[in-house]
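I have placed the structure first, in the form of structure tokens, so that the comments after it can refer back to it.
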Amino acid sequence: MTARRIARVLLDSPLPQLDRLFDYEIPDELAPEAHEGVRVRVPLRAAGRIVDGFIVELDDEPSADRPLSEVESVISSVPVLPRRLYDLARKVADRSAGSASDILRLVVPRRMVRAERSWQNAERAGVPEVSASTAEWAATALASFPGAADSLTRGARIALTAPTAPVTPGSPAPGWVGILAAAAARLLVAGRSSILVVPDHRDLDQLEQGLIAHGLGEALIRTDAAQSAPARYGAYLRVLEPTPSIVIGNRSAVYAPVHALGLIAVWDDGDPLLREPLSPGVHARDAALVRQEQEQFALVFAGFTRTTDVQRLVDIGWVEELRAARPAAPRVVLTPLREGETGTARIPSAAFTAAREAVRSGPVLVQVSRPGYAPVLACAECRHPARCRACGGPLHAGARGATPTCSACGRRAEGWTCASCGGARFLLIGSGSRRTAEELGRAFPGIRIIVSDADHPVLDVPETPALVIATRGAEPRAARGYRAVLLLDGERMLLADDLRIAEHCLRWWSNAAALAGPGAPVHLVGVAGALGRALATWSQPAFARAELAERAELRMPPAVRVASLEGPRPAVETALATVRSDVPGLQASDVLGPVPLPTTGSHDGDVRALVRCDYHDGPALARSLRAALVAAALRGRRSRSRGGARATLRIRLDLPDLNLETQQ
DNA sequence: AGCACGCCGACT
DNA sequence: GTCGGCGTGCTC
């Protein structure tokens, strides 16, 4: 009996029933290349096709044991899936009831032959140098948080509120960039790598510029979904090199298999962009926490605000709070809105005066809740909301006198008449950014007006006088800070149908307030109470703690974990039965629904149920959901072949919210 | 997804 | 005795 070489292969398939390792024999001619971590093509006989996969491990076994198929070919001899990355993907997938290959697809780029060849021919860069001046700068910057350097080197889990001013006076890099850059520099000196995760592209640009400005460009690797496929693959090959580096990127960068990981920093973890929209929908914060359980590195959650998710970790002692030696806060002025004020009076006179004063010396930021001109229209006769004739969606106007357009389907409503009274005239309700710009333009003659929203974002504004009207999240940066910030429409923002709206508003306002220059006033208009006080006293962690206590009482996330199950009613009911018997800790009140899904076309007649549980029961819930998903996938084929509806079950774990309507 | 296998009824 | 339809289960 002779021994044969076998490979355990993870298949690149989204099918839940294939999410395990398959054994293949390695034919002699492939043996020299078939290392651990390489991409291979293997036959799946029962499926009658060839599929891609990764060799996760190698082994020897006697030939006679069982018949095995052979590895068909080795796609590339570069080991792109290190064992520790597979282990991480496995753990993250298990925690979220997803497939390991769904995680790895986000991390390991497709092979690009030319990029691989040029990387192989390029000279290996040595260990990146950190100049004495950079090391000294980093030490000084970190000193603004007593104990930071020690926490970073001992691999602590940290939550911190970033400074709104640059860490070095006069530096072009914002304070948050300075702190993250200094932390990465500190670890690079110690020969360790860092991963800095930010929500969007603009953050990435700023971070990249800041790192280069502080002399850390040599170690920098940017990973970015907007890169070309060869550039992504080239960057990934650099990440794999056995030298310390600083990887910056969006949510998927959290998995980067760098050498000697010393730090993962997640910036502004309340931004929804940090949650992967593709199944299984893992948040970068959760992925970082899982990773921290299997590797020894410092984990930093930094922002201008505090999410209830991170505050929960602080409260249970899993994450420690790192405080600035001299906490600096923007100068927030709570400005009430008097009854009966209309038009430009939605800006109270105190805020108006502050803007007039401030705009003489530079840019003033005005944050509004909605883009466009008039976001809502109503019948001038009966005041009923104006609706689209085709789909019933709400109408809005792009400009004064323009034909109304449906906000849901985009159709133009030529010759609109009111459905309830037949009236033909409508009123413009509310002010979007363009209408606000028009109003302010009249009030501030001769002052330049700049509008920035999600569709037409402006990244930077000059230091010259200007009124900058921006929707939340689209605020441009002003190099030396805004001379004043006006946060309008707070009341309206708080009306959104979202159970976490107060937390979100505090994040939007904090992020805008952080753009104010030193001593510049920030007017929060029309918001009082605990929320207004939290911004005014810059005490977001205390607000998050109070919010979390309320959520714990109501058994809402993040005090508990929540899963959603969607699909045809029988599939959801069957899965719920599985979950009920597998997770004994589940209370009857912890299963919500099933209720019919709003009909969106593709899944007509589907229902949704929510299941919530304590963190203690989370692993059992994830395992049970996974089993239900595999069972549904096997059963689903049968009903489909009988001509039945798609029997697929869709499962998500760790929803941010219980709200059934606003969940995507 | 796509293929094999096995059970059962209908035909040579 | 054996051909083939269809439901079921698996994929190294």
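Letters A, B, ... mirror the listed sequences (proteins, then strands); counts begin at 1.
For the pair Arg49(A) CZ and dA1(B) C1', the interatomic distance rounds to 5 Å; values are reported in whole Å. In this structure, Phe22(A) places its CZ atom 7 Å from P of dT11(C), rounding to the nearest Å. Nucleotide dC12(C) holds its P atom 9 Å from the CG atom of Leu11(A), rounded to whole Å. Whole-Å rounding puts the Leu18(A) CG to dG2(B) C1' distance at 12 Å. When the C1' atom of dT11(C) is taken as reference, atom CG of Asp12(A) falls 16 Å away, rounded to whole Å. Taking atom CG on Leu10(A) and atom P on dC12(C), their separation rounds to 14 Å, with Å as the unit. Separating the CD1 atom of Ile26(A) from the P atom of dC12(C) is a distance of 16 Å, rounded to the nearest angstrom. Rounded to whole Å, the distance from CG on Leu21(A) to C1' on dC12(C) is 11 Å.
Residues Asp19(A) and Arg90(A) are paired through a salt bridge, judged by an N-O separation under 4.0 Å between the basic side chain and the carboxylate. In summary, Asp582(A) and Arg623(A) do not engage in a salt bridge, as defined by a charged side-chain N under 4.0 Å from a carboxylate O.
Distances from the side chain of Arg66(A) to the nucleotides dG2(B), dC12(C), dA1(B) place dC12(C) closest. Counting only heavy atoms from C-beta on, Arg20(A) has its side chain closest to dC12(C) among dC10(C), dA1(B), dC12(C).
Taking the side chain as every heavy atom from C-beta outward, Pro594(A) and Leu576(A) approach each other to under 4.5 Å.
A distance-only check finds a donor-acceptor pair linking the side chain of Tyr24(A) to the backbone of Pro43(A) [under 3.5 Å].
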